[in-house]
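For reference, the structure discussed in these notes is given below.
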There are 2 protein chains.
Amino acid sequence: MRESDKDIIRSLKIFSDVDERLFETLVTAAYAQRFPAQVDLIHEGESADFLYIVLEGCVELFASSHGRETSMAIVSPVSTFVLAATVKDAPYLMSARTVDPSKLLLIPSQNVRDVFDQDPAFARAIVTELATCYRSVVKSMKNLKLRTAIERVGNYILRLHDKSGKADIVELPFGKRNLASILGMTPENLSRAFGALQSHGILMDGARIEIIDRAALETVSKPNPLIDDFRS
Amino acid sequence: MRESDKDIIRSLKIFSDVDERLFETLVTAAYAQRFPAQVDLIHEGESADFLYIVLEGCVELFASSHGRETSMAIVSPVSTFVLAATVKDAPYLMSARTVDPSKLLLIPSQNVRDVFDQDPAFARAIVTELATCYRSVVKSMKNLKLRTAIERVGNYILRLHDKSGKADIVELPFGKRNLASILGMTPENLSRAFGALQSHGILMDGARIEIIDRAALETVSKPNPLIDDFRS
DNA sequence: TTATTGCATTGATAAAAATCAATCATCGGG
DNA sequence: CCCGATGATTGATTTTTATCAATGCAATAA
């Protein structure tokens with residue numbers, strides 16, 4: 001582990017208040033590694049040997065059953081994944097692969113559990129991170145169960161618009177195939193949804209979306225902070 | 001708080017290893033209360049003043065948006081709900097109401113957070129419980145995204161069969177209306193799914209289901225431990 | 001440049017699920 | 001005992017979504 005990496009890790013919210021000595025044990029056991037795009041990292045069912053933290057790039061969490069596959073989430077910096085499996089020492093419920101070239105931090109699960117028990121600040125950081133993950137899945141589930149495909153797409157665009165600081169033009173951060181799966185629909189249907197939304201305040205141009213009339217987009221999407229707000 | 005209640009609470013896994021003095025502060029601040037069936041307990045968007053623990057009965061977690069409503073989960077003894085909101089001191093993402101007459105323990109969120117910071121055993125218990133909740137939502141989401149309506153119903157029956165110790169006849173633990181919403185379909189569709197499954201190893205009789213040919217039911221349901229296993 | 005490849009789009013069709021409407025139980029109260 | 005309410009079922013229909021098939025389009029490598 002390079003010193004520069006160590007400093008970056010130390011500055012992460014999850015480690016910032018950890019006792020110096022315990023931080024050393026974590027960092028010594030951990031390693032930061034770069035991966036190309038589209039590399040399989042873990043497979044559901046495997047035992048949770050490591051906790052992962054995305055430092056750069058982004059990672060897709062997905063799941064399969066009897067030949068079907070679906071994206072569950074895209075993890076971007078700086079967030080963890082497979083934290084629950086690490087905490088419980090249980091098998092992963094999701095597989096993971098890089099979307100873009102990525103830099104990840106891998107910490108052996110046993111060390112995470114050890115330091116959790118010894119350092120209240122770390123325990124607090126871990127439980128907060130896990131609570132954030134939980135709430136994020138709950139929101140995804142509400143999104144899926146309470147909304148139609150078009151509403152999901154509309155709200156996704158609204159969120160992009162918010163994150164961009166209400167720029168006139170926003171860009172999809174990853175391919176439409178992935179996005180469709182995240183939003184619980186087929187690529188064909190996503191395409192049609194984008195098409196349909198063009199009469200409701202947007203203009204599509206490949207991966208770029210011009211927001212022409214946000215109010216119209218909101219009317220059709222019915223945004224709800226208890227589903228869409230990426231804070232809280 | 002009655003002494004008998006206190007003993008019951010002390011025996012819960014979440015409290016069993018907590019320091020005696022801190023347990024006292026938690027229990028003093030908490031109160032156990034009985035509620036009739038179909039009583040609203042909390043509403044999404046409210047601030048998380050209490051952590052809830054279901055001691056008896058059962059509670060439905062549900063969510064709404066623009067006039068639609070869906071069940072997210074049924075919580076039965078002994079489990080918590082709204083733990084993530086408590087940890088983060090954030091608004092509830094789900095509403096809750098009793099299904100059956102229920103006995104609940106309410107602990108002020110502030111006390112939960114305080115004791116979390118002071119007692120590693122409690123911290124460990126809380127994070128494990130939260131990890132269990134997280135994994136449970138992930139499994140629900142996989143269930144929804146990877147399976148058809150009939151498969152979801154089939155696997156639900158298989159799980160009931162497992163929990164009953166493979167009894168010949170299993171009984172639905174709550175109304176079909178609730179079940180339909182949990183499984184992400186309309187009551188009408190649930191009815192038809194039950195009907196369709198009768199040619200695949202089951203026999204319906206109101207809320208009772210006779211399991212005639214489990215293998216046939218499995219063939220059509222394609223169970224998957226990483227979705228259905230209620231342990232892990 | 002031109003193939004090649006992978007993704008995105010579009011149209012036609014099929015399947016799945018929701019909705020609407022009516023009927024049928026079941027259960028508790030008068 | 002019947003009555004009314006609630007929930008479940010069934011059938012007909014519409015809507016939504018997925019699937020299948022064909023085409024287009026852009027990036028890449030020969």
Side-chain angles (χ1 to χ4, degrees), chain A residues 36-38 60 65-71 97 99-101 143-154 156-157 171-199 202-209 220-222, chain B residues 36-38 60 65-71 97 99-101 143-157 171-200 202-209 220-222:
Chain A
Q38 296 298 329
E60 176 191 7
S65 195
H66 55 284
R68 276 168 252 179
E69 179 180 311
T70 189
S71 283
R97 68 168 77 95
V99 177
D100 299 326
N143 197 30
L144 279 173
K145 290 184 84 174
L146 292 167
R147 286 175 170 159
T148 64
I150 287 194
E151 287 167 352
R152 295 198 293 277
V153 176
Y156 183 81
I157 297 170
E171 190 142 357
L172 297 176
F174 38 81
K176 295 185 183 180
R177 180 169 292 268
N178 276 338
L179 180 58
S181 189
I182 289 278
L183 295 178
M185 65 191 76
T186 57
E188 293 95 325
N189 244 319
L190 177 63
S191 215
R192 283 183 249 273
F194 278 134
L197 287 173
Q198 291 193 123
S199 22
I202 69 163
L203 206 150
M204 297 296 302
D205 172 27
R208 260 176 302 282
I209 307 171
V220 81
S221 310
K222 294 150 206 138
Chain B
Q38 297 299 331
E60 177 190 8
S65 195
H66 55 285
R68 274 169 253 179
E69 179 181 311
T70 189
S71 282
R97 67 168 78 96
V99 176
D100 299 326
N143 197 31
L144 278 174
K145 290 185 82 174
L146 290 167
R147 286 175 169 159
T148 64
I150 288 194
E151 287 167 352
R152 295 197 293 276
V153 176
N155 282 297
Y156 183 80
I157 297 171
E171 190 143 356
L172 298 175
F174 38 80
K176 295 186 184 180
R177 182 169 291 270
N178 276 338
L179 181 57
S181 189
I182 289 277
L183 295 178
M185 65 190 76
T186 56
E188 293 95 325
N189 243 320
L190 176 64
S191 215
R192 283 184 249 274
F194 278 135
L197 287 174
Q198 291 194 125
S199 22
H200 298 275
I202 69 163
L203 206 151
M204 297 296 302
D205 171 27
R208 260 177 302 283
I209 307 171
V220 81
S221 309
K222 293 150 207 136

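Every chain is numbered from 1, with letters handed out A, B, ... down the list of sequences.
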Rounded off to whole Å, could you give me the [atom1]-to-[atom2] distance for the [X] and [N] pair?
{"X": "Leu144(A)", "N": "dA17(C)", "atom1": "CG", "atom2": "C1'", "answer": "15 Å"}
{"X": "Leu190(B)", "N": "dT19(C)", "atom1": "CG", "atom2": "P", "answer": "15 Å"}
{"X": "Arg68(A)", "N": "dA16(C)", "atom1": "CZ", "atom2": "C1'", "answer": "12 Å"}
{"X": "Arg192(B)", "N": "dA15(C)", "atom1": "CZ", "atom2": "C1'", "answer": "14 Å"}
{"X": "Met185(B)", "N": "dA15(C)", "atom1": "CE", "atom2": "C1'", "answer": "16 Å"}
{"X": "Arg147(A)", "N": "dA18(C)", "atom1": "CZ", "atom2": "P", "answer": "18 Å"}
{"X": "Ile150(B)", "N": "dA17(C)", "atom1": "CD1", "atom2": "C1'", "answer": "11 Å"}

Requested in this report: For Glu188(A) and for Ala149(A), locate the closest nucleotide of DNA chain D by heavy-atom distance; then report the residue assigned to the nucleotide nearer the 5' terminus.
Outcome: Ala149(A)
Report task. Measure distances between side-chain N and O atoms of Arg177(A) and base N and O atoms of dG6(C), and say whether any donor-acceptor pair falls under 3.5 Å. Result -> no
Requested in this report: Please step through side chain to side chain contact (heavy atoms under 4.5 Å, CB included) for the pair Leu146(B) and Lys222(B), ending with a clear verdict.
Outcome: CA-CA 11 Å; Leu146(B) 290 167; Lys222(B) 293 150 207 136; over 6 Å; no
Requested in this report: Working to the nearest 0.5 Å, report the span between CD of Gln198(B) and CE of Met204(B).
Outcome: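 Answer for the CD-CE pair, Gln198(B) versus Met204(B), is 6.5 Å.
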Query - Segment of DNA chain D, first to last nucleotide, that comes within the 4.0 Å heavy-atom reach of chain B - result: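 Contact span on the strand: dA8(D) to dA12(D).
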Do [X] and [Y] have side-chain heavy atoms sitting under 4.5 Å apart?
{"X": "Leu190(A)", "Y": "Arg177(A)", "value": "no"}
{"X": "Leu183(B)", "Y": "Arg147(B)", "value": "no"}
{"X": "Asn143(A)", "Y": "Tyr156(A)", "value": "no"}
{"X": "Met185(A)", "Y": "Val153(A)", "value": "yes"}

**Report entry** All side chain to side chain donor-acceptor pair (under 3.5 Å) counterparts of Glu69(A), not counting sequence neighbours
**Finding:** Arg97(A)
Query - Sugar-phosphate only, base, or nothing, as touched by Gly206(A) at under 4.0 Å among non-hydrogen atoms - result: nothing
**Report entry** side-chain N/O Asn189(B) vs dA18(C) OP1/OP2, d < 4.0 Å
**Finding:** yes
